[in-house]
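Chain letters run A, B, ... following the sequence lines, proteins first and then strands; every chain starts at 1.
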Amino acid sequence: MSFLPLALLALSGCGDEAEPAPGTLQVQTDLGTITPTDTALAWPGVITVANLDDDDTDGESDWEQSRVDDGDDEVAEFTILAPNGVELTLSDPDDTLRVWFQGEPLVDGDGAQASFSARDEAIVLQLEAGGYLAQGSLALVDPTTGDQVELHLVSAPLVVNHHLQPSEQVMAVSFVYTNYNNQAMISTYEDALGELFLEVSGAKYQDPWIQDEIEFATSVSPQRRLDTVVDSIRDGQWGAGEGLDDFPEDQYLGQGWAVGTWGRGFNQANSQDYFGNLEVIPPHSAYGVDYPYGRIYYGLNGSLTPNQQIQDFLASQRVQAPFTLDVSWLCVGHVDEFFTTVPDPTARLGWRLVYTDVDLAWEILEAADPDTVMTRYAESSAKAWDTIGDLVADEAMHALNEELKQDYLLPNLAILKETLELTDEDIIYVPQLFEEVSYCGGTTAAAFPGMANLIIADKPDGTTTLFIPDPYVRTDLDDVQADPIAMAFAERMPADLDIVWMDDWQVYHLNLGEVHCGSNVVRSPAADVSWWEDARHLLETE
Amino acid sequence: MPTLAALVLAGLLAAAPARAADPDAAWRDALSSLIEQAWQADPTGAAAVAALPAVPTRAGTLHLAAPEGPWAQVLLADRLVHGDDPPEVRLATAAVYAPRGFELPEITAGLVDAEADPAVRATLLHGLRKVDADVALPRLRAALADADARVRLEAAVVAGAHADGGALADALVPALADTDAAVRGRAARALGRHAVADAWQPLRARLADADPTVRLQALRALERLDASAVAALPELSALAADPDARVARAAAQLAASPR
């Protein structure tokens, strides 16, 4: 361990603060210098990221291993100058912080104390955290002068990624069975994304719903980045070790990657626990409050909700203040079934809400040639309409979609508008109809592939591609230009977004999901993350 | 457009009037004949349908990879009647058969009549949605009185969606008092969709239902019956303060609407 000369430390401070008087107790953090008389940086103080990854890939998180190794970089170093010595007391009510000195725990546990005698050399300490947004403080007292510094200690919150963050990896599970394959969708991803696309083995995992199993999040300190896979209690839909349950550990757990689960386990999971039901509105302001990391939202289905532990955890991270919507009208019951957000540099917010509109769907269909054979529907045993005219003439569909509009789509839209302070200028309405699903209690799913259930890839070259389920409301399956629903959707999208149509019919749509449900995206943190500054108002608000 | 199997079925039934006295034998005979023709026409395709894998839907249930082709419905019915699939796969088979159950109406009705598994029977009811009233409504009426709540629930859903479902009012009104809240809610919705005027009072009584979804569906149904009359109901002010946000919102909107 090296020690910085005092002169160098004094020069390395940030800003224009006055140089501390010689002989003064000082703390040097990534953000600058703190003294008994200059406490401007005592909050946020020392910032780290949770040491929950697995640098030595032994399957155990680094926090659990009671040591800080050379390769263990999820700690924040800070330095104390104590010419008169210093007495330290850790305040850590949640027992999620440790301070290390020369490879050994110095203070560990609420109320733990340590002291150093007078010395000229710097005392180099390391802060380690065992949780997200773990907070405590370290009281420093000069035993000679009685001067004090109350130093805040904090780990970065878990920030669930939103659609404006750069994409690093897009993934889907590949199925190649006779009569059941998604090779068209996989090939489309490969062609459009190249090395940015990860093909996950369907032969190994037997589970296409990769959106439902995991959610990607990031945590950032001034020096570090930690990626986290939030692993749902869905457990592959069938139990521990089933389906994609082990995928996050197999693929990601290791250096710089943590895997965390909040909840009670598979037997207690319901569909609202799946992460198609966990999304993030991009950054915005509402009623004078900035949300620089956006806001989390998820759906409630009456008494069926995401498990309380994950609700509490997400709320505890503060910076993405969650809100809820009503998904009780959907058979699967996920928020990704009826709206999303897309980047739009021309928009007031830099993004727009994409919201399903049943009236628009009827308007488009009623204007189309009623004799148009919808080949995909006519050939499928799972759909009740052969032609556009059959669908338009289906009075029960009209009645159902009118009810859904009145009881759920408009009320949910009102919640979004009110919560996010949106106007119609911020919203793109897109055509969609829903149908009742047999043996699902009269609840519904998308009648044609739900186009709002899309994937957004913000690529390294600065372009953005939307991967959208092809609705196939046409005769010639290869001629999407002839599809009135697809074209109505495309013409409403922001002009500089590339659109790629995806064939998700067999593996996804007919099984009550779409492209988004069957894909996932690893994203970089947003540029210039400094939550300790730009989200401080959210962290301090009770 | 009728499929080949549907045309053949019509011919088979027309050619065997003597079996009309025994409807159960009639549809079974017809199905057997259709199955034989399906296997002769496309043995590879028929074998494929017989071996279709069940895969998990996003809702957690199983779904049969949807078959295509002119004989798909026949082969699915074959699998339901003669297959040895476990119950969850039979349920998945019924779910993929039902949307086009109208193509083989007599066979769909026969499948409903003969099905012992309540979950499968409930699912097959969706096959009656576009089937003529003389075939569909007796099955739906019986299903609304089924001992199994899952069957009663799906019967109420299909009754609401069937073009002639209003004729089931005599069975839907009692369902407003069903022990299962989901059945009560769907019965209210069906009565509203068909604007059954005689259901006004029983629906109004459901405004005090313990289940919020039933209160919401009753309110919506009454609105469909007479929007101005429901806006004048004294219950509306209490409903506007309902603990369920959906009910409160709907009631407030109705109260504010011009009478």
Side-chain angles (χ1 to χ4, degrees), chain A residues 175 177-180 206-209 212 234 237-238 243 269-271 274 276 302 326 328 331-334 373 378-384 386-387 394-397 399-400 403 406-408 411 414-415 435-443 445 505-508 510-514 517-518, chain B residues 1 48-49 51-53 55-61 63-69 72-73 76 91 94-102 119-120 122-127 129-130 150 153-154 156-158 160-163 165 182 185-186 189 192-193 212-213 216-217 220 245-246 249-250 253:
Chain A
F175 285 89
Y177 302 119
T178 305
N179 295 318
Y180 186 71
Q206 302 282 326
D207 181 359
W209 308 112
D212 290 344
R234 174 180 178 266
Q237 213 168 26
W238 304 108
N270 60 63
S271 186
Y274 300 5
D326 181 1
S328 62
C331 180
V332 173
H334 292 178
V373 174
E379 289 179 349
S380 172
S381 61
K383 295 291 178 181
D386 291 344
T387 65
D394 192 329
E395 287 302 323
M397 280 290 285
L400 170 70
E403 288 171 1
Q406 294 297 337
D407 292 344
Y408 303 104
I415 291 170
E435 64 180 328
E436 286 171 333
V437 177
S438 62
Y439 201 57
C440 209
T443 54
W505 183 268
Q506 187 180 48
V507 170
Y508 303 99
L510 293 180
N511 292 314
L512 309 179
E514 311 288 359
C517 315
Chain B
M1 67 189 82
V49 173
L52 279 173
V55 295
T57 71
R58 204 184 182 200
T61 54
H63 183 79
L64 215 61
E68 296 179 353
Q73 293 302 107
L76 289 168
L91 182 59
V96 79
Y97 174 89
R100 285 188 175 266
F102 64 87
V120 176
T123 302
L124 285 169
L125 289 173
H126 285 264
R129 183 168 85 84
K130 290 181 160 185
R150 294 167 294 178
L153 172 59
E154 298 302 324
V157 170
V158 178
H162 196 285
R186 295 301 163 182
R189 188 169 169 178
R193 275 193 191 173
T213 300
L216 177 66
Q217 295 295 352
R220 288 295 188 204
R246 297 169 302 164
R249 190 166 39 237
Q253 285 172 350

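- Using a 4.5 Å heavy-atom threshold, the side chains of B/R246 and A/Y408 count as touching.
- Looking at B/L216, the atoms closer than 4.5 Å to chain A (heavy atoms on both sides) all sit in the side chain, from C-beta outward.
- A pairwise comparison of heavy atoms in B/V157 and A/E436 identifies CG1-OE1, 3.4 Å as the closest pair.
- Heavy atoms of A/E395 lying under 4.5 Å from chain B are absent altogether.
- Using a 4.5 Å heavy-atom threshold, the side chains of A/L400 and B/R193 count as touching.
- Contacts with chain A were tallied for B/A161, B/G101, B/P56; B/P56 has the most, counting heavy-atom pairs under 4.5 Å.
- For chain B, the nearby part of A/D212 is the side chain; its heavy atoms alone come within less than 4.5 Å.
- Of the possible polar contacts, none joining the A/E379 side chain to the B/G69 backbone as a donor-acceptor pair under 3.5 Å is found.
- Neither the backbone nor the side chain of A/D207 comes within contact range of chain B; no heavy atoms are under 4.5 Å apart.
- Counting heavy atoms from C-beta on, the side chains of A/Q406 and B/R220 come closer than 4.5 Å.
- If you measure heavy-atom distances from B/L76 to chain A, the contacts under 4.5 Å come from the side chain alone.
- Contacts of B/A182 with chain A are absent, with no heavy-atom separation under 4.5 Å from either backbone or side chain.
- A salt bridge does not link B/R129 to A/E435: none of the charged nitrogens lies less than 4.0 Å from a carboxylate oxygen.
- With contacts defined as side-chain heavy-atom distances shorter than 4.5 Å, the pair B/T213/A/S328 does not qualify.
- Shortest non-hydrogen contact noted between A/D386 and B/R100 is OD1-NH2, 2.5 Å.
- With chain B as partner, the option from A/G441, A/C517, A/G276, A/A382 having the largest number of non-hydrogen pairs under 4.5 angstrom is A/G441.
- Neither the backbone nor the side chain of B/L125 has a heavy atom closer than 4.5 Å to any heavy atom of chain A.
- When the candidates B/A250, B/A163, B/A119 are compared by the number of heavy-atom contacts under 4.5 Å with chain A, B/A119 comes out ahead.
- Top candidate by heavy-atom pairs under 4.5 Å with chain B, chosen from A/P208, A/A399, A/P411, is A/P411.
- The candidate with the highest count of non-hydrogen atom pairs below 4.5 Å against chain B, out of A/G302, A/A396, A/A384, A/A445, is A/A384.
- Annotation: the span from B/T61 atom OG1 to A/N511 atom CG amounts to 8.0 Å, rounded to 0.5 Å.
- Between chain A and the options B/A72, B/P99, B/A98, heavy-atom pairs under 4.5 Å are most frequent for B/P99.
- Minimum heavy-atom separation, A/S271 to B/R58: OG-O, 4.3 Å.
- Contact tally against chain B (heavy-atom pairs below 4.5 Å) for A/G513, A/A414, A/C331, A/S380: the top residue is A/S380.
- Using a 4.5 Å heavy-atom threshold, the side chains of A/Y439 and B/R150 count as touching.
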